[in-house]
Novice: 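This is the structure I have questions about; it appears just below.
Residue indices begin at 1 and follow the sequence shown.
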Amino acid sequence: MSRDTKPHVLMVLDSAPEEPGTLNFFTMWVADLLSEIQPFCSLSLFYPVMSVTGSFYRLQYKEGGSIEHFFTYIPPKYASFSETFLNASMGAVFSALLKERIFSLVHILSLRNHSLEYPAIAHTAGLPVVLTVSDGWLRHSLRYHCNGTFPANPIKLSNFVASPFSLLFQSIEDRLRRHRRSWWFEEVGRYSSFYNRGTFSPVDQETLQRRETAVTEMIPYIHTFHFPSPILYHACYEGIVPSNRLFFMPQGIPISRILDNRPFDIQRGLSFGFIGDIIPEEGIEEMIDAFSIIHERGLPSSLHLYGEIRSNEDYIRRLMRRVQSRSVVFHGTIDHRRMRAVIDAIDVLLMPARWPRPDSWLAGQVMARRKAVVASNETAAADLIKKNHRGVVLEKKNASEIAEVVTDLEIDRRKAYYFMRIAEGNQLVSIRSNAEDLYALYLSILQQYSWEQEEKTTLFRKLGRKRKVRARRNP
């Protein structure tokens, strides 16, 4: 393909990039990326829209804008767990879409609410596939217990599954076992009993194995796997994704959001903030306990938690009971359009995750706004801290360690101000460089794919000629 010809890329998303009211950092990064990559590529988007009414599984087209939007309505809950990973209806919609336009390449940024059949369908249509892996969704067997550890044996749970009988049993179980264990699927990203089924409605081992098999069978049809961080690859995918098909690219941010230099003189206690999912795997309990220690020490620091608090009220009530000071405040979720205002309202971002978080978009945004970051080791945010010296990396990830870091920054303001110094443009990955790197990857894949197709065509022609010769010799 000539560099003068724009590749037409079909991007598969799990929701519309401009969807309002969501606090999804990956979606926010995608929205930034789309605005930068437009000069390099012709873009079409395909994503599902959840609806309680409407015509499900019909290809729809949304007019307007320079980027084509294709979507389909899907139900908010599926009749069976199998439909969350092998959905023939979604596969049919995707096949129909590939016949609507002449695409050069398919870039799947998320397979959630789609079907694992997509790469094979695209391959059959003669299109190479890039798959972005930003969490552990593909590895269903990898799930975290509420203490942040991997369970030794698979637990039979499901998500997006509901029926009148299962909901009845679920309500009975909720009453009988108020303090039962809760589990969190990384693929859902939400600590919620709605997604986590109890003993009355398990998913059988055969279904889980079928999902694992579907993931394994999908891999040969994917040309390149994009990971935002090597940490996630080594933690979850090293055994199943071939190393010769990897492409590592951290999440960039718009350089225009970097603040100019200004003097710091904070006349109050430092404001520490958490922004994201209110779930155990993000270290919420450890942060609350740490600020109980801070309160006992008489320090003026405060903790502000921004995230959904209505989706799992039982867990939130338990968190509230742990709070021993008014300096810990739950603000609820925020609209993504208020993200910058929230970042500007805090001094230090806390990210004490218990899992290998691969996203660096939020940490980059915070550093660009001249705030310090405190993050767990073995995360992409920790790598950013080490590279730019803009915060503290947690090793133990417990309440005592967090309390010591907060105390140190509160007492030694010079250290805090050093972390908040001016952010130079070359310190942070830009979203522009993401767009340029992806464009270069697309061209490389298309050139290689074109060469491979020519080789196959040549081979088939040679084999055809040999068969004709043999046929003439042996009439």
Novice: Is there a donor-acceptor pair under 3.5 Å between the side chain of Ser433 and the backbone N or O of Val429?
Specialist: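 No; zero donor-acceptor contacts below 3.5 Å.
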Novice: Would you say the side-chain atoms of Ser360 pair up with the backbone N or O of Ala363, donor to acceptor, closer than 3.5 Å?
Specialist: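 The answer is no, because no donor-acceptor pair under 3.5 Å joins these two groups.
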Novice: If you measure from NZ on Lys397 to CD on Glu395, what distance do you get to the nearest 0.5 Å?
Specialist: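 The NZ atom of Lys397 sits 8.5 Å away from the CD atom of Glu395.
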Novice: Is the side chain of Thr124 donor-acceptor paired with the backbone N or O of Ala120 at a distance under 3.5 Å, no angle test?
Specialist: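 Answer holds: yes.
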Novice: Would Ile74 and Met50 satisfy side-chain contact (heavy atoms from CB on, under 4.5 Å), going step by step from the backbone distance to the final call?
Specialist: CA-CA 5 Å; Ile74 63 171; Met50 289 189 181; 4.0 Å; yes
Novice: Just verifying a value: how many Å separate Leu362 CG and Gln251 CD, rounded to the nearest 0.5 Å?
Specialist: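 Going from CG on Leu362 over to CD on Gln251, the span is 10.0 Å.
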Novice: Is the ring pair Tyr61/Phe70 parallel, tilted or perpendicular, if the boundaries are 30 and 60 degrees?
Specialist: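 Ring orientation, 0 to 90° scale: tilted.
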Novice: Could you list the residues that satisfy side chain to side chain donor-acceptor pair (under 3.5 Å) with Gln38, not counting sequence neighbours?
Specialist: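 With neighbours one apart ignored, the set is Ser66.
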Novice: Do you know which two heavy atoms are closest between His107 and Val9, and how far apart they sit?
Specialist: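 Heavy atoms of His107 and Val9 come nearest at CB-CG1, 4.1 Å.
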Novice: Side-chain contact, heavy-atom cut-off 4.5 Å: Ile343 with Gln365?
Specialist: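 Yes; the side chains approach each other to less than 4.5 Å.
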Novice: Are the side chain of Arg245 and the backbone of Ile222 linked by a donor-acceptor contact shorter than 3.5 Å?
Specialist: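 Yes; judged by distance alone, with no hydrogens or angles, the pair exists.
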Novice: More than 12 non-hydrogen atoms from neighbouring residues, nucleotides or ligands closer than 6.0 Å to OH on Tyr73, yes or no?
Specialist: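 Result for OH/Tyr73: open.
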Novice: Do Cys41 and Tyr439 come close enough that some side-chain heavy atom pair is under 4.5 Å?
Specialist: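 Yes, close enough: below the 4.5 Å cut-off.
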Novice: Starting at CG of Leu109, measure out to CG of Leu111 and round the result to the nearest 0.5 Å.
Specialist: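 Interatomic distance, Leu109 CG to Leu111 CG, rounded to 0.5 Å: 10.0 Å.
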Novice: What class does the angle between the rings of Phe46 and His114 fall in, given that below 30° is parallel, 30 to 60° is tilted and above 60° is perpendicular?
Specialist: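 Taking His114 first and then Phe46, their aromatic rings sit tilted (interplane angle of 30° to 60°).
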Novice: Are the side chains of Val373 and Arg390 in touch, meaning some heavy atoms are under 4.5 Å apart?
Specialist: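 Sidechains of Arg390 and Val373: no contact.
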Novice: Between Tyr237 and Phe227, does the ring centroid distance fall short of 6.0 Å?
Specialist: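 Yes, the ring centres sit under 6.0 Å apart.
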Novice: Looking only at heavy atoms, which two atoms of Glu282 and Met287 are closest? And how far apart?
Specialist: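 Closest approach of Glu282 to Met287, heavy atoms only: O-CE, 4.0 Å.
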Novice: Where the side chain of Asp335 meets the backbone of Arg337, is there a donor-acceptor pair that is under 3.5 Å apart?
Specialist: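 Yes, Asp335 side chain to Arg337 backbone: donor-acceptor pair under 3.5 Å.
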Novice: Restricting to non-hydrogen atoms, name the atom on His226 and the atom on Thr132 that form the minimum distance, rounded to 0.1 Å.
Specialist: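 What the structure gives for the nearest pair is ND1-OG1, 2.9 Å.
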Novice: Should Glu68 and Lys62 count as an ion pair when the cut-off is N to O under 4.0 Å?
Specialist: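 A salt bridge is absent here (no side-chain N lies under 4.0 Å from a carboxylate O).
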Novice: Got Asp344 and Arg340 here, is their nearest side-chain heavy-atom distance under 4.5 Å?
Specialist: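 With C-beta onward as the side chain, the pair touches.
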Novice: Do other residues, nucleotides or ligands put more than 12 heavy atoms under 6.0 Å from the CD atom of Glu378?
Specialist: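 Count not over threshold, so no.
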Novice: Any side-chain heavy atom of Ile334 within less than 4.5 Å of one from Val342?
Specialist: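 Yes. Closest side-chain heavy atoms under 4.5 Å.
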Novice: In terms of relative ring orientation, are Tyr47 and His69 parallel, tilted or perpendicular, with 30° and 60° separating the classes?
Specialist: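 Perpendicular: the ring planes of Tyr47 and His69 meet at over 60°.
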Novice: Ignoring hydrogens, what is the shortest heavy-atom contact between Ser229 and Pro358? Give both atom names and the distance.
Specialist: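 Nearest heavy atoms, Ser229 then Pro358: CB-O, 3.7 Å.
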Novice: State, to 0.1 Å, how close Ser376 and Thr379 come at their nearest heavy-atom pair, and which atoms those are.
Specialist: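 Here Ser376 and Thr379 meet closest at O-OG1, 2.6 Å.
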Novice: Using distance alone, with no hydrogens and no angle criterion, decide if His8 and Ser42 have a side-chain donor and acceptor under 3.5 Å apart.
Specialist: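 Judged by distance alone, the side chains do not pair up.
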Novice: Can you find a pair of side-chain heavy atoms, one from Ile431 and one from Asn434, that are under 4.5 Å apart?
Specialist: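 Ile431 vs Asn434: side chains touch.
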Novice: Would you indicate whether the side-chain heavy atoms of Phe40 and Glu436 approach each other to under 4.5 Å?
Specialist: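 Glu436 reaches Phe40 side chain to side chain.
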Novice: First locate atom CD1 of Ile275, then atom NE2 of His331, and finally report the distance between them rounded to the nearest 0.5 Å.
Specialist: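 Between Ile275 CD1 and His331 NE2, I get 10.0 Å after rounding to 0.5 Å.
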Novice: Considering residues, nucleotides and ligands other than Arg101, do more than 12 of their heavy atoms fall under 6.0 Å from its CZ?
Specialist: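 More than 12 within 6.0 Å, yes.
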Novice: Apply the test side-chain contact (heavy atoms from CB on, under 4.5 Å) to residues Val12 and Tyr118: give CA-CA distance (whole Å), side-chain angles for both, the deciding distance (0.1 Å), then the verdict.
Specialist: CA-CA 10 Å; Val12 178; Tyr118 283 13; 4.1 Å; yes
Novice: Please evaluate residues Tyr57 and Asn87 with respect to the criterion side-chain contact (heavy atoms from CB on, under 4.5 Å), reporting the C-alpha separation (whole Å), side-chain torsions for both, the decisive distance (0.1 Å), and the verdict.
Specialist: CA-CA 10 Å; Tyr57 306 121; Asn87 191 317; 3.5 Å; yes
Novice: Please list, chain by chain and in numerical order, all residues satisfying ring-ring contact (aromatic ring centres under 6.0 Å, His included) with Phe274, sequence neighbours excluded.
Specialist: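 None.
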Novice: Below 30° counts as parallel, above 60° as perpendicular, anything between as tilted: where do the rings of Phe26 and Trp29 land?
Specialist: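 Tilted: the ring planes of Phe26 and Trp29 meet at 30° to 60°.
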Novice: Provide the closest heavy-atom pair for Ile445 versus Pro128 in the form atom of the first, atom of the second, distance.
Specialist: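 Nearest pair, atom of Ile445 first, then Pro128: CG2-CB, 3.7 Å.
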Novice: How long is the gap from CD1 on Ile67 to CG on Leu43, to the nearest 0.5 Å?
Specialist: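 Output value for this atom pair is 5.0 Å.
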Novice: Considering only NZ, NE, NH1 and NH2 on the basic side and carboxylate oxygens on the acidic side, decide whether Lys396 and Glu401 come within less than 4.0 Å.
Specialist: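 Salt bridge absent between Lys396 and Glu401.
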Novice: So do Phe103 and Ser44 actually touch side chain to side chain, heavy atoms under 4.5 Å?
Specialist: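 Contact flag for Ser44/Phe103 side chains = yes.
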Novice: Let me confirm one number: the CG-CG distance from Asn244 to Leu246, rounded to the nearest 0.5 Å.
Specialist: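 CG of Leu246 is found 7.5 Å from CG of Asn244.
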Novice: Could you go through the side-chain contact (heavy atoms from CB on, under 4.5 Å) check for Phe419 and Val392 one step at a time?
Specialist: CA-CA 9 Å; Phe419 292 146; Val392 181; 3.8 Å; yes
Novice: Over 60° means perpendicular and under 30° means parallel, so classify the ring planes of His223 and Tyr449, tilted if in between.
Specialist: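 Plane angle over 60°, so perpendicular.
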